[in-house]
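Keep in mind the model is a prediction, meaning the values are calculated, not measured. Residue indices begin at 1 and follow the sequence shown.
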Amino acid sequence: MGTQVEGAVAWQDIVLFVGGFVLAGGIVPAIRGPEKPPFATTLTLVVMLAIFAVVFLTLRLWLTAFSVLVQGSLWAVVLAQTVRRPRTGV
């Protein structure tokens, strides 16, 4: 394991932070669009992103944890929209 200077931000944290916001931008069309992913898919994403946020917090990757929390929050919006969408019967 490499050493980290006290108070310094790891380069990995910055890369994952930026990537997290790129991914978060990709969630916006799902929020704005009329079609939603399946409930189970969205629920799985929300739960796993919450777990990942806890993992990143324990690793002290603060920026990454923040970006994952943003992603999880956006997916939670999609989940709420999925639950609230009108059911169409065939």
Side-chain angles (χ1 to χ4, degrees):
M1 292 179 102
T3 26
Q4 183 175 346
V5 179
E6 185 71 28
V9 177
W11 67 267
Q12 295 93 335
D13 197 16
I14 294 170
V15 170
L16 292 169
F17 171 74
V18 171
F21 276 97
V22 170
L23 291 174
I27 302 166
V28 174
I31 292 173
R32 296 185 53 147
E35 295 188 22
K36 305 298 173 195
F39 174 80
T41 301
T42 311
L43 179 62
T44 302
L45 281 165
V46 170
V47 169
M48 291 310 301
L49 287 169
I51 292 169
F52 290 168
V54 171
V55 170
F56 288 132
L57 286 171
T58 62
L59 292 171
R60 297 184 177 172
L61 295 173
W62 312 118
L63 298 174
T64 302
F66 176 70
S67 70
V68 168
L69 286 170
V70 168
Q71 291 174 61
S73 298
L74 292 173
W75 277 115
V77 169
V78 175
L79 180 64
Q81 291 174 337
T82 301
V83 171
R84 296 184 71 195
R85 75 176 165 206
R87 307 275 182 215
T88 56
V90 177

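- Using a 4.5 Å heavy-atom threshold, the side chains of L49 and F52 count as touching.
- When the side chains of ILVMFWY residues are joined at heavy-atom separations under 4.5 Å, either directly or via intervening members, V54 and V46 end up in two distinct hydrophobic clusters.
- By the rule that hydrophobic residues join a cluster once side-chain heavy atoms approach within less than 4.5 Å of another member, I31 and L23 end up as members of separate clusters.
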Per-pair distances, 0.1 Å, donor-acceptor, side chain in residues 68-79, under 3.5 Å, sequence neighbours excluded:
from	atom 1	to	atom 2	distance (Å)
Q71	NE2	G20	O	3.4
S73	OG	L69	O	2.8

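- Linking Ile, Leu, Val, Met, Phe, Trp and Tyr residues whenever their side-chain heavy atoms come within less than 4.5 Å places L63 and L59 in a single cluster.
- Here the shortest heavy-atom pairing between A53 and A65 reads O-CB, 3.9 Å.
- Scored by the side-chain contact (heavy atoms from CB on, under 4.5 Å) test, V47 finds L43, I51 as partners (sequence neighbours excluded).
- Between V83 and F39, the shortest heavy-atom distance links the atoms CG2-CE1, 3.7 Å.
- For the pairing with T64, the side chain to side chain contact (heavy atoms under 4.5 Å, CB included) check across L16, V18, L57 returns one residue only, L16.
- Cluster annotation: L61 is connected to I14 through the hydrophobic network of ILVMFWY side chains, with a link wherever side-chain heavy atoms come within less than 4.5 Å.
- With sequence neighbours excluded, the residues satisfying ring pair (Phe, Tyr, Trp, His ring centres under 6.0 Å) with F17 are F21.
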